[in-house]
Enquirer: 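Handing you a structure now.
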Amino acid sequence: MATIVLYSMNRTAQTTARQCIIQFSKRASIVDSHLSFFRRLTSLPGARCVPKATGVRFMSHGTAGKSATGRTRRGALLVAGAAAAVAGFVASGSHFQRAEMATMIPKTEEKEIAEKCKTFMAPPCTDVKVLQQRKEEMCTRMEMLIMDTQAEFCRALEEVDGGKFKVDKWERKEGGGGISCVLQDGKVFEKAGVNVSVVFGNLTEEAAKQMRSRGKVLKGKDGILPFCAMGVSSVIHPKNPHIPTVHFNYRYFEIEEEDGTKQWWFGGGTDLTPTYVNKEDGAHFHNSLKEACDKHHPQYYPDFKKWCDHYFYIRHRGETRGIGGIFFDDLDSPSQEEAFSFVRSCAQTVVPCYLPIVYKHLNDPFSPEEKDWQQVRRGRYVEFNLVYDRGVKFGLATPGSRIESILMSLPLTAKWEYMHEPPKGSQEADMLEVLRNPKEWV
């Protein structure tokens, strides 16, 4: 996933970017690194990058990228459903501006794969020998990334909570499997789940119908569409209402068509759902994501932030699920390598964008009334996930899916009060105002 558009950046901004990325390969004390990271972050003057280039066509929205066969891509198609909300500003974008490569990701060597697999929460879904044989393929590189992301995030959460994740490796008889890591009823987290899944087989008609509704042209042989899908997904529900819920998901999809070529695309995002408005937390979270996006194109953050606000919108309530972050789907340009580099940058931002907020509010006192408001907001979280979430819908439509893993995102507790409306001028009312009128945090 790696190109960067040339832009002006002052020295302070360069320093900020370096400090905001915690390398996943480092094994130093996670607690100390997060605490020092947050202290450095809050002491900085908030320097920002000023992009020179604007306008970007970051995906084809309908015809995913072809594998390297020399074939030309089909024309762009508009995405229905969630993507329709952003079709306007996507259509107005100019052709993607190619630039110098930020950092080329070296192909993982066989020995490196074997050693890296030892650091994961469990052996990878695909046999290590198979990963070594196919080390150049995107499916292997993406599986290594999502396994690494799961392990690093789980260990960071264990450090702050003091508890241990239950690791549950499962197989899907139709093909593939996954690893579910769940920490339940801990000291800090009421429920924390970090899932990895790597599944393959033939796409069902219902799943294909959902994809076609987004504008995808799928031509299978005799109606059969072989696919491979993989991703890492996490939802963290803290006990303290002053610590926000966080969600992230990064995924890769391949479909083989009747002529043997493959459509591929990436999707994902990271978003925050606080119970109470905290401007500093919102700014830190969004700035961290913006810095990751800006390494690849200056339009990524504003476009994907807007898409996130539209996607995580609870239409029947007239409010967003949280304060957003970034969200993207069907990302198949400017190249497979560059798209992968971008997703990798986003995955590496998960720990530094969230853990400092957790530590900041770790010992905040809260009242029974504040806890009740958290429960009401969790009810809204459940409504979105069960009614609108694309991943849940795809999972439930895929034979052999593991229901426990799909519904891992739901909190242990939530509540629904009849005709609930917070008092005017209250902190709860302030939160509701932000959810009904999304704001800019950067």
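For clarity, every value in this text was computed on a predicted model and none was experimentally measured.
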Enquirer: Can a side-chain donor-acceptor contact be found between Ser180 and Glu404 if the only test is distance below 3.5 angstrom?
Expert: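 Ser180 and Glu404 do not have a side-chain donor-acceptor pair below 3.5 Å.
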Enquirer: Before accepting this row, confirm whether a basic side-chain N of the pair Glu280/Lys360 lies closer than 4.0 Å to the acidic partner's carboxylate O.
Expert: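 Salt bridge between Glu280 and Lys360, a charged N being under 4.0 Å from a carboxylate O: yes.
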Enquirer: For His296 and Ser345, test the side chains for any donor-to-acceptor distance below 3.5 angstrom and give the result as yes or no.
Expert: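 A donor-acceptor contact under 3.5 Å links the two side chains.
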Enquirer: Mind checking the SG-CE spacing from Cys125 to Met147? Nearest 0.5 Å is all I need.
Expert: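 The CE atom of Met147 is 6.0 Å from SG of Cys125, to the nearest 0.5 Å.
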Enquirer: If you define the side chain from C-beta out and look only at heavy atoms, does anything of Arg321 sit under 4.5 Å from Tyr388?
Expert: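 Arg321 vs Tyr388: side chains apart.
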Enquirer: Write down the atom of Val434, the atom of Trp441, and the distance for their closest heavy-atom approach.
Expert: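 Here Val434 and Trp441 meet closest at CG1-CZ2, 4.0 Å.
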Enquirer: For a salt bridge (Lys or Arg N to Asp or Glu O under 4.0 Å) with Glu158, tell me which candidate from Lys164, Lys187, Lys166 qualifies.
Expert: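 Filter result, single survivor: Lys164.
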Enquirer: Determine the minimum heavy-atom distance between Cys181 and Val167, stating which atoms define it.
Expert: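 Closest approach of Cys181 to Val167, heavy atoms only: SG-CG2, 4.1 Å.
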Enquirer: Please report the interatomic distance NE2(His247) to OG1(Thr273), rounded to the nearest 0.5 Å.
Expert: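 One finds 9.0 Å between NE2 of His247 and OG1 of Thr273.
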Enquirer: Do the ring planes of Phe304 and Tyr300 sit parallel (below 30°), tilted (30 to 60°) or perpendicular (above 60°)?
Expert: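 Answer is parallel, since the angle falls under 30°.
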Enquirer: Any side-chain heavy-atom pair from Leu157 and Leu355 closer than 4.5 angstrom?
Expert: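 Counting from C-beta outward, Leu157 and Leu355 do come under 4.5 Å.
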Enquirer: Main chain of Leu131, side chain of Thr126: is a donor-acceptor contact present, judged purely on distance under 3.5 Å?
Expert: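 Checked: no pair found.
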Enquirer: Taking all non-hydrogen atoms of both residues, which atom of Thr149 and which atom of Ala347 are closest, and how far apart?
Expert: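 Thr149 and Ala347 have their closest heavy atoms at OG1-CB, 3.7 Å.
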Enquirer: Report the distance from atom CG of Leu289 to atom OG1 of Thr349, rounding to the nearest 0.5 Å.
Expert: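 Reported value, rounded in 0.5 Å steps: 6.5 Å.
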Enquirer: Contact between Ile243 and Tyr359 at the side-chain level, heavy atoms closer than 4.5 Å - yes or no?
Expert: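 No, too far: nothing below the 4.5 Å cut-off.
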Enquirer: Show your working on salt bridge (charged side-chain N to carboxylate O under 4.0 Å, His left out) between Lys439 and Glu433 and close with a plain yes or no.
Expert: CA-CA 10 Å; Lys439 61 174 292 185; Glu433 175 63 23; over 6 Å; no
Enquirer: Counting only N and O atoms by type, is there a donor-acceptor contact under 3.5 Å from the side chain of Glu115 to the main-chain atoms of Glu112?
Expert: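 No.
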Enquirer: Which pair of non-hydrogen atoms, one from Glu428 and one from Pro422, has the smallest distance, and what is that distance?
Expert: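 Answer, listing the atom of Glu428 first, then Pro422: CB-CB, 3.5 Å.
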Enquirer: Could you walk me through whether Glu190 and Arg378 pass the salt bridge (charged side-chain N to carboxylate O under 4.0 Å, His left out) check?
Expert: CA-CA 12 Å; Glu190 184 176 288; Arg378 282 182 177 173; 2.7 Å; yes
Enquirer: Apply the test salt bridge (charged side-chain N to carboxylate O under 4.0 Å, His left out) to residues Arg402 and Asp168: give CA-CA distance (whole Å), side-chain angles for both, the deciding distance (0.1 Å), then the verdict.
Expert: CA-CA 11 Å; Arg402 194 166 187 270; Asp168 188 9; 2.3 Å; yes
Enquirer: Say whether, by atom type as modelled, one donor and one acceptor occur between the side chain of Arg134 and the main chain of Glu137 under 3.5 angstrom.
Expert: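 Judged by distance alone, no pair lies under 3.5 Å.
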Enquirer: With side chains defined as the heavy atoms from C-beta onward, is the minimum distance between Met142 and Val343 less than 4.5 Å?
Expert: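 They are in side-chain contact.
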Enquirer: Using the rule given for ring-ring contact (aromatic ring centres under 6.0 Å, His included), can you reason through Phe153 versus Phe165, listing the C-alpha separation, both sets of side-chain angles and the distance that settles it, and then say yes or no?
Expert: CA-CA 11 Å; Phe153 194 51; Phe165 276 87; 8.2 Å; no
Enquirer: May I ask you to check whether Tyr276 and Phe366 place their ring centers less than 6.0 Å from one another?
Expert: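 No, they do not, as the ring centres are separated by 6.0 Å or more.
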Enquirer: Are any side-chain N or O atoms of Ser234 and backbone N or O atoms of Gly193, one a donor and one an acceptor, separated by less than 3.5 Å?
Expert: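 Pair found, side chain donor or acceptor close to backbone of Gly193.
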Enquirer: Any Lys/Arg nitrogen of Arg251 or Asp329 sitting under 4.0 Å from an Asp/Glu carboxylate oxygen of the other?
Expert: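 A salt bridge is present here (some side-chain N lies under 4.0 Å from a carboxylate O).
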Enquirer: Step by step, would you call Ser335 with Glu338 a side chain to side chain donor-acceptor pair (under 3.5 Å)?
Expert: CA-CA 5 Å; Ser335 71; Glu338 290 159 345; 2.9 Å; yes
Enquirer: Between His237 and Tyr381, what is the ring plane arrangement, given parallel below 30°, perpendicular above 60°, and tilted in between?
Expert: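 His237 and Tyr381: perpendicular rings.
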Enquirer: Give a yes or no answer on whether the side chain of His284 reaches the backbone of Tyr354 with a donor-acceptor pair at less than 3.5 Å.
Expert: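 Answer holds: no.
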Enquirer: May I ask you to decide if the ring planes of Phe327 and Trp307 are parallel, tilted or perpendicular, using 30° and 60° as cut-offs?
Expert: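 Answer is perpendicular, since the angle exceeds 60°.
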Enquirer: Check whether any side-chain N or O of Lys239 sits under 3.5 Å from a backbone N or O of Gly186 as a donor-acceptor pair, and report yes or no.
Expert: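 Yes, the answer is positive, given that a donor and an acceptor are paired below the 3.5 Å cut-off.
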Enquirer: I'd like to know if the side chain of Asn249 reaches the main chain of Gly268, judged simply by a donor and an acceptor atom lying under 3.5 Å from each other, with no hydrogens or angles considered.
Expert: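 Absent.
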Enquirer: Please test Lys306 against Glu440 for salt bridge (charged side-chain N to carboxylate O under 4.0 Å, His left out), starting from the C-alpha separation and ending with a verdict.
Expert: CA-CA 10 Å; Lys306 186 175 181 180; Glu440 296 300 322; over 6 Å; no
Enquirer: Using a 4.5 Å cut-off on heavy atoms from C-beta on, say whether the side chain of Pro274 contacts that of Met431.
Expert: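 Yes. Closest side-chain heavy atoms under 4.5 Å.
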Enquirer: Side chains of Cys346 and Thr270: does their closest heavy-atom pair fall under 4.5 Å?
Expert: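 Cys346 vs Thr270: side chains apart.
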Enquirer: Find out whether Asn195 and Ile179 are in side-chain contact, i.e. whether some heavy atom of one side chain is under 4.5 Å from a heavy atom of the other.
Expert: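 They are not in side-chain contact.
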Enquirer: Would you call the rings of Tyr250 and Phe328 parallel, tilted or perpendicular, taking 30° and 60° as the class edges?
Expert: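 Correct class here is tilted.
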Enquirer: Short question: side chain of Glu171, backbone of Gly177 - any donor-acceptor pair under 3.5 Å?
Expert: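 No.
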Enquirer: Quick check for you: to the nearest 0.5 Å, what is the distance between Asp148 atom CG and Thr119 atom OG1?
Expert: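 Interatomic distance, Asp148 CG to Thr119 OG1, rounded to 0.5 Å: 5.5 Å.
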Enquirer: Show your reasoning for whether side chain to side chain donor-acceptor pair (under 3.5 Å) applies to Asp309 and Thr320.
Expert: CA-CA 7 Å; Asp309 289 338; Thr320 57; 5.9 Å; no
Enquirer: Quick one: NZ on Lys305 to NE2 on His286, what's the gap to the nearest 0.5 Å?
Expert: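 The NE2 atom of His286 is 6.0 Å from NZ of Lys305, to the nearest 0.5 Å.
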Enquirer: Is there a side-chain contact between Asp161 and Leu183 (heavy atoms, below 4.5 Å)?
Expert: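 With C-beta onward as the side chain, the pair touches.
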Enquirer: Which atoms form the tightest heavy-atom contact between Pro124 and Lys169, and what is the distance?
Expert: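 Taking Pro124 first and Lys169 second, the nearest heavy atoms are O-NZ, 3.1 Å.
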Enquirer: For Phe227, run the ring-ring contact (aromatic ring centres under 6.0 Å, His included) check against Phe253, Tyr252, Trp264 and tell me which one passes.
Expert: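 Only one option passes, and that is Phe253.
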Enquirer: Listed by chain and number, what are the ring pair (Phe, Tyr, Trp, His ring centres under 6.0 Å) partners of Phe285, not counting sequence neighbours?
Expert: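 None.
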Enquirer: Among residues at least two apart in sequence or on other chains, which ones pass ring pair (Phe, Tyr, Trp, His ring centres under 6.0 Å) with Phe120?
Expert: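 Counting only residues at least two positions away or on another chain, Phe120 forms no ring pair (Phe, Tyr, Trp, His ring centres under 6.0 Å).
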Enquirer: Mark yes or no: Lys371 above the aromatic ring of Trp373, with NZ or CZ under 6.0 Å from the six-membered ring centre and no more than 45 degrees from the axis.
Expert: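 Cation-pi check for Lys371 and Trp373: fails.
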Enquirer: First locate atom CD1 of Ile113, then atom CZ of Arg141, and finally report the distance between them rounded to the nearest 0.5 Å.
Expert: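 Spacing of CD1 (Ile113) from CZ (Arg141) equals 10.5 Å.
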Enquirer: Determine, step by step, whether His297 and Asp303 satisfy the side chain to side chain donor-acceptor pair (under 3.5 Å) criterion, reporting the C-alpha distance in whole Å, the side-chain angles of both residues, the deciding distance to 0.1 Å, and the verdict.
Expert: CA-CA 10 Å; His297 199 282; Asp303 289 351; over 6 Å; no
Enquirer: For a quick test of reading the model, state the closest non-hydrogen atom pair linking Ser409 to Ile406 and the distance between them.
Expert: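 Between these two residues, the closest heavy atoms are OG-O, 4.0 Å.
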Enquirer: Distance-only, no hydrogens or angles: does the Asn287 side chain make a donor-acceptor pair with backbone N or O of Ala283 under 3.5 Å?
Expert: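 Yes, because the side chain of Asn287 sits within donor-acceptor range (under 3.5 Å) of the backbone of Ala283.
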Enquirer: Check for me whether the distance between the ring centres of Phe312 and Phe384 falls short of 6.0 Å.
Expert: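 They qualify: ring centres under 6.0 Å apart.
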Enquirer: Keeping Tyr311 on the side-chain end and Arg390 on the backbone end, is there a donor-acceptor pair under 3.5 Å?
Expert: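 Yes.
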